[in-house]
Every structure is written in structure tokens, then in C-alpha cells.
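Working notes, structure below.
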Amino acid sequence: MSATSSDLRETLREAAAAAASASRLGREFFARPTEEVARDLIGAWLFSLVDEDLSTGRIVDTEAYGGPEDRASHARAGRTRRTAPMFGPVGHAYVYLIYGMHECLNVVAYSGREAGAVLIRAIEPLTGVETMRARRDRPHDADARLCAGPARLCQAMAVDRSLDGHDLVSGDRLWLAAPPASPAGEGRIEIASGSRVGVAYAGDDWRHRPWRFWLAGHPSVSRR
DNA sequence: CGAATGATACCCT
DNA sequence: GGGTATCATTCGG
């Protein structure tokens, strides 16, 4: 890369970081009922700054998981070493390994409950798309599909268990921001909801609970 | 459709 | 302590 484009890259990075910090989501955003936070995270921006590379995406698919009462939640076994972040301060990351090979990113959020977290299932790539593509092990996907799934977005955004417990409110490697104000006439987004994915083992009332939220019709939403 | 792949939770010595 | 069933998934066939 030439010095000029490297300088431009640095400028863009600083501008994006400044803009993000101005509208960064604060602690109070996450201190609410988990399903409310899950719904409100649709449209928010996720930033990762790892190894000097900034990547940004718009959240389009989430799921809410409750505390020990939720038979579909990792917290159903109570507080364990793995799930400790779910019981800790809100606004921190909970990152775990699934199926022995994939990482998943959650944001701790709850109020009036013992624990809870929101799984980020998919984002729409916005900036740093080439960095994301280079990190993915299937680089021929369309841009919109690079982060269409909880494990895919972790791979593309360089999110792994070293970020487990990372404070997304004050941290400098991974954080969340409210979307910039949209121009008039472009503000309406349609949020759909339905049952959570991969929780057939939970009892009838829990597996059918409509705690998955997504941007209706968006191409980056993870497939059913 | 099924394999990949390993941490975890849980039950048993 | 040790064995093992289970998994908030993804990718090829």
C-alpha cells in the first residue's frame, strides 16, 4: 500500500473512531430488559479495532437470552466459569466457542433479572470490508454475506475469546454506537421478530418465545 | 444432509 | 478425577 493511501486510511480510521465515540452506547442502554436491548440493537453499529484494522458493521440480527429461568440460555445452569460474564456488569462482551470451532459474540444486558445477554447474529459490513474478507475463510462471498451469521461475523471482525469480558462501554478494541441520524424520509426500519435459532432442546414455552429480532428483508440476515 | 472439532457440564467412580 | 453427551454453526456434498 502506498504512503498516501496509508495516510488516508489513518485519517478515515480516526474520523470513524471519533464519530463512534461521540454516539457510543453507554452503560444505561444495556441496563434494561434483555429482549428490549436486543430489539434496540437492530440498526446499531459495531466497531472492532484489532491489529490496527478498523471494521464497522450495522447490526441486522439479534437474539435475547435470559438468566437461569430461560431454559434456552447458557445461564440455565447457573453461574459457571464460562457463563460468568452473563452474570456480571452489563455492557461487557460474552464470547464463547460453539461446536468446537466457532466463536459467538454476545453483549451482557439485563434488568430485574439475575443474568442475560444479547447474541449478535449478523451485521451488514460498512467499512473495512476488505479486512473482513481477508479474515474470512470463504472470501468469495458477496459483501452482504460476509457477516451473515454469528460465527461469520466473529471471524470477519476478529472477535475471539480474548475479548470475553471486554467492556464495550469503555473498551478500545470492540464497541457499539447508535446509528447516525438518518436523512428525513429514510428513518423507518421494519424490525421483524420470531423464535430463536437452535434452541429446540428448551421447553415449549421457551423455545417459542419470540426473542429473535432482525431487519426485515435485509440481505445480511442469517438464513433460517 | 452430515462432518468437523473441542470446551463444557454433568454424572459417575 | 475421568468418561461422554451435548452444543445459541458453518461449509461442502
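Convention: sequence-line order gives letters A, B, ...; per-chain numbering from 1.
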Provide, to the nearest angstrom, the distance between the CG atom belonging to A:L97 and the P atom belonging to B:dT8.
8 Å
Counterpart residues, salt bridge (charged side-chain N to carboxylate O under 4.0 Å, His left out), relative to A:R136 (two or more places apart)
A:D141
For nucleotides 9-13 of chain C, tabulate all protein N/O to nucleotide N/O atom pairs closer than 3.5 Å, reporting atom names and distance.
from	atom 1	to	atom 2	distance (Å)
C:dT9	OP1	A:R121	NH1	3.3
C:dT9	O2	A:H102	NE2	2.9
C:dT10	OP1	A:P150	N	3.1
C:dT10	OP1	A:A151	N	3.0
C:dT10	OP1	A:R152	N	3.4
C:dT10	O4'	A:H102	NE2	3.2
C:dC11	OP1	A:R136	NH1	3.3
C:dC11	OP1	A:R136	NH2	2.6
C:dC11	OP2	A:R152	NH1	2.3

Taking salt bridge (charged side-chain N to carboxylate O under 4.0 Å, His left out) as the cut-off, I'd like each qualifying pair that reaches into residues 105-120 of chain A, sequence neighbours left out, listed once.
A:E35-A:R113, A:E69-A:R113
Describe the nucleic acid contact of A:R161 in one word from base, sugar-phosphate, nothing, applying a heavy-atom distance below 4.0 Å.
sugar-phosphate
Look only at the side chain of A:S73 and the backbone of A:G66, and say whether a donor-acceptor pair between them is shorter than 3.5 Å.
yes
same_hphob_cluster(A:L163, A:V90) at 4.5 Å side-chain heavy-atom cutoff
yes
Ignoring hydrogens, what is the shortest heavy-atom contact between A:I59 and A:T62? Give both atom names and the distance.
CG2-CG2, 3.5 Å
Among pairs that include at least one residue of residues 37-48 of chain A, which meet side chain to side chain donor-acceptor pair (under 3.5 Å), considering only residues two or more places apart or in two chains?
A:R32-A:D40
How about CG on A:D51, more than 12 heavy atoms from neighbouring residues, nucleotides or ligands closer than 6.0 Å, or not?
no
With no hydrogens and no angle check, is any side-chain donor or acceptor of A:R212 less than 3.5 Å from a backbone partner on A:R209?
no
Which residues satisfy the salt bridge (charged side-chain N to carboxylate O under 4.0 Å, His left out) test with A:D172, sequence neighbours excluded?
none
For the residue pair A:T34 and A:D70, establish whether any side-chain heavy-atom pair is separated by less than 4.5 Å.
no
Note: contacts of residues 110-118 of chain A with DNA chain C (heavy atom, under 4.0 Å) are none
Between the protein and nucleotides 1-5 of chain C, which nitrogen or oxygen pairs are less than 3.5 angstrom apart?
none

Side-chain donor/acceptor pairs under 3.5 Å, residues 93-100 of chain A, sequence neighbours excluded:
from	atom 1	to	atom 2	distance (Å)
A:Y94	OH	A:H74	ND1	2.8

Give, ordered by number, those residues of residues 65-82 of chain A having at least one heavy-atom distance below 4.0 Å to an atom of DNA chain C; if nothing qualifies, reply none.
A:Y65, A:A72, A:H74
Show, in sequence, the C-alpha distance, side-chain angles and deciding distance for A:V107 and A:V37, and conclude whether the side chain to side chain contact (heavy atoms under 4.5 Å, CB included) test is met.
CA-CA 9 Å; A:V107 187; A:V37 175; over 6 Å; no
Given the rule that a pair is Watson-Crick or G-U wobble with both distances under 3.5 Å, how would you write DNA chain C in dot-bracket, using | for pairs to a different strand?
|||||||.||||.
Residue list, side-chain hydrogen bond (donor to acceptor under 3.5 Å, both in side chains) with A:S220, at least two apart or on another chain:
none
Filter on salt bridge (charged side-chain N to carboxylate O under 4.0 Å, His left out), then keep only pairs touching residues 77-104 of chain A, sequence neighbours left out; what's left?
A:E103-A:R161
Quick check: closest heavy atoms across A:P125 and A:L146, and the distance to 0.1 Å?
CG-CB, 4.2 Å
